[in-house]
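Heads up: the structure comes next, in structure tokens.
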Amino acid sequence: MAVAETSGLDPVLGFALVGVLGVGSQWLAWRLRMPAIVLMLAAGLVVGPGLGLLDPSREFGDLMQPMLAIAVAIILFEGGLTLNFHSLSDAATGVRRLVLIGAPLGWLASSAALHWAAGLSWESSAVFGGIMIVTGPTVIAPLLRQARLKRRPAALLQWEAIVNDPVGALAAVLAFEVVVVLRDATSVGAAITDMVVGIAMAVALGAAGGWGLARAFRNALVPEYMKVPVLFVLLLAVFAVSDSILHESGLLAVTVMGLWIANADLPSYAELRRFKEHATILLVSGVFILLAANMDRSTLLAMNWTTLLFVASVILIARPLPVLVALAFSNIPWRERLLVAFTGPRGVVLVAVAGLFGERLAALGVEDGDRIAMLAFALVAATVVLHGFTLTPLARLLRQRATETPGVMIVGGSRWATALGLALRKLDLPVLVSDPNHAHLRLAREAGLDTFWGDILSEAAEHKLDFVTYDKVIAATDNDAYNTLVATDLAPEFGREHVFQLKRMRQASARHALPATLGGQKIAADETYFEANARLAEGWEFRVTKLSAEFTSEHWRERNPEGVPVADLGPGGTLRLLGPEDKVKETEGTRLLFLAPKREERKEDRRDENGNDTLKGAAAAGR
């Protein structure tokens, strides 16, 4: 029996390569502190048109487009899950303006840029201009995580990206229907009716899916272990049915479904969202690798000065002008307006939808329809690279970063917590002390530290506090069970290596020991709440010293034989909270925070020749 010769990678090997490149690019970007999207784009171009190792259209054939469509639907649904209406707060006015005013103006401006800068016909410009409303939640999310923006500009960019994604796709559908009507002389009324019915059905299907799922979960009609599978199956069903009624309306349906579930106040919401976030990271990685690798060499070589002119006109005119007009005379400060106006990265949805409509326009006889895919990829590549490297500096220039150096959130108001907060503030780090008991925060308030009265796990804390300002959590209340709950709940968000907890009273015996999945890391001498506070009452204090070649950790140990290292802050601003088994870094310029017995209050002891500063925990907190 003859075996047909095949070329290219085996599909299974192709999937494995896409996964390794996607996740590997994200890991490398984390290590190098670079925009992950840029590395994924580069990796796809290298293995695709560069080396010819991966050709997704060849390896995956007819499954390529359905895979991309389903991946984009899941990504948009996960984006909708993040849009809780309570998180809008003071950004609500800006979001409404960006969607209701900015999107139509952006459509017009983008169409004009396509026609006059890129030289496309008005037919292609109108269709592609509608798609260009999309600003890409797949790109915005990692950029916001990297740039650490303040709450309101971050909310504006996130909501605009997710809400305008289906809006842009539907705008392209509308423009395409108009082109079909003009070319085929079909009934304009029938085309409009199809559009209205399709959009209405998409909204209804999304709302019905979200309502039905929320009701089933709330009434225990679905067992816990089946909630995620049921969610996925329903998501795919809503997307497929809506898309069969009106092409690209499935994106609107899944976004509405995600919005409904996000605001349904489900007990299982946190678990669903975390699982979806993990799935989305894999999907975003895979989709970007596939789209970049699927680019044809001839298409890339077809880019010329008109492509550059088009990209520049979008970045400098077609994006900022509609945003500035939409936000004019609003309560949004001018610095935030400028940041949003000049931040418009495009992503997966733009390339996927643009390629589809480019093929359809070419099939209708629109001569320049086949240029749309190339222009879409050029715009995505340019904006991803540009904003990946400039968003953080631009936010810093406009003073829109939540913090330059992430700080520490201490849960539990006590003498020990206040003294530690003052020591960390001495290192120029943001510090927040939180406690459900208002009286427990008295020392922290009197010491001038930022405080939050309430449960740190509450929705009020999530909506009122800028969690992005902090990257370390210390659970230090007098309630061991609550400390464990806080550390366990916040670990997925902050990272388990960044969540710490005072020692539990009972953990020596096997019957009281907890598994490694619960609780936080050890800190300082690994003492209980009462032991840590008793140490300060006995005359210990937090101090800060600077390490150097002349004054190493060994010199510090000789001078402070009883000292307990608590944290070290590297010259680059990286803070490490230390446990009893951690070693102090010997990097030149590292500042060490430690506990030591209080010295006599003499003028010459307040700062020694090595730059030691003394912070009196109990005394300072009690003033």
query: Got a second to check how far R31's CZ is from Q26's CD, nearest 0.5 Å?
result: 15.5 Å
query: Should R319 and V340 be marked as a side chain to side chain contact (heavy atoms under 4.5 Å, CB included) after you check the CA-CA gap, both sets of side-chain angles, and the distance that decides it?
result: CA-CA 9 Å; R319 165 62 182 176; V340 174; 3.8 Å; yes
field: Smallest separation among heavy atoms of P153 and L339, with atom names
entry: CB-CD2, 3.9 Å
task: Enter the distance from L120:CG to T306:OG1 here, rounded to the nearest 0.5 Å.
output: 9.0 Å
message: Side chains of L156 and I332, heavy atoms from C-beta outward: is any pair under 4.5 Å?
response: yes
- prompt: Quick one: does K150's side chain have a donor or acceptor within less than 3.5 Å of a partner on E336's backbone?
  reply: no
task: Indicate yes or no: at least one non-hydrogen side-chain atom of M132 is less than 4.5 angstrom from one of V314.
output: yes
query: Roughly how far apart are R401 CZ and L398 CG, rounded to 0.5 Å?
result: 12.5 Å
query: E160 versus V99: any side-chain heavy-atom pair under 4.5 Å?
result: no
task: Using a 4.5 Å cut-off on heavy atoms from C-beta on, say whether the side chain of T93 contacts that of L327.
output: no
message: For a quick test of reading the model, state the closest non-hydrogen atom pair linking S124 to D368 and the distance between them.
response: OG-OD1, 2.7 Å
query: Taking only residues two or more places apart in sequence or in another chain, which ones pass salt bridge (charged side-chain N to carboxylate O under 4.0 Å, His left out) with R371?
result: none
message: Measuring from atom OG1 of T343 to atom CG of L386, what distance do you get when rounded to the nearest 0.5 angstrom?
response: 9.0 Å
message: If you compare all heavy atoms of L149 against all heavy atoms of A395, which two are closest, and at what distance to 0.1 Å?
response: CD2-CB, 3.3 Å
field: G102 versus P322, closest heavy-atom pair with distance
entry: O-CB, 3.8 Å
- request: Tell me, with the steps shown, if D243 and F239 meet side chain to side chain contact (heavy atoms under 4.5 Å, CB included).
  value: CA-CA 6 Å; D243 230 33; F239 173 73; 4.0 Å; yes
task: Could you list the residues that satisfy side-chain hydrogen bond (donor to acceptor under 3.5 Å, both in side chains) with W122, not counting sequence neighbours?
output: H115
message: I need the L361 CG to I372 CD1 distance, nearest 0.5 Å.
response: 5.0 Å
message: Tell me if a side-chain donor or acceptor on W107 pairs with a main-chain N or O of A126 at a distance below 3.5 Å.
response: yes
- line: What one should report as the nearest heavy-atom pair of T383 and R346 is OG1-N, 3.2 Å
field: Flag side-chain contact, heavy atom, 4.5 Å: P333 against R152
entry: yes
task: Check the pair S121, V366 against side chain to side chain contact (heavy atoms under 4.5 Å, CB included), reporting the backbone distance first and the verdict last.
output: CA-CA 8 Å; S121 64; V366 179; 3.9 Å; yes
query: Any side-chain heavy atom of T390 sitting closer than 4.5 Å to one from H387?
result: yes
- prompt: Taking the six-membered ring for Trp, are F60 and F15 parallel (under 30°), tilted (30 to 60°) or perpendicular (over 60°)?
  reply: tilted
Under 3.5 Å: donor-acceptor pair, side chain of D55, backbone of G48: no
message: Taking L290's backbone N and O only, do any of them form a donor-acceptor pair with N294's side chain (distance below 3.5 Å, no angle check)?
response: no
message: Between F342 and P320, is there a side-chain heavy-atom distance shorter than 4.5 Å?
response: yes
query: Side chains of E59 and L54: closer than 4.5 Å at any heavy-atom pair?
result: yes
field: Chi angles and distances behind the side chain to side chain contact (heavy atoms under 4.5 Å, CB included) call for L45, F377
entry: CA-CA 11 Å; L45 289 174; F377 186 82; 3.6 Å; yes
- request: Verify, without hydrogens or angle tests, whether S313 (side chain) and A117 (backbone) share a donor-acceptor contact under 3.5 angstrom.
  value: no
task: Please confirm whether the backbone N or O of A326 pairs with a side-chain atom of R97, one donor and one acceptor, at under 3.5 Å?
output: yes
statement: Interatomic distance, OG@S244 vs CE@M201, rounded to 0.5 Å, equals 8.5 Å
- prompt: Which heavy atom of A381 sits nearest a heavy atom of L41, and at what distance?
  reply: CA-CD2, 3.5 Å
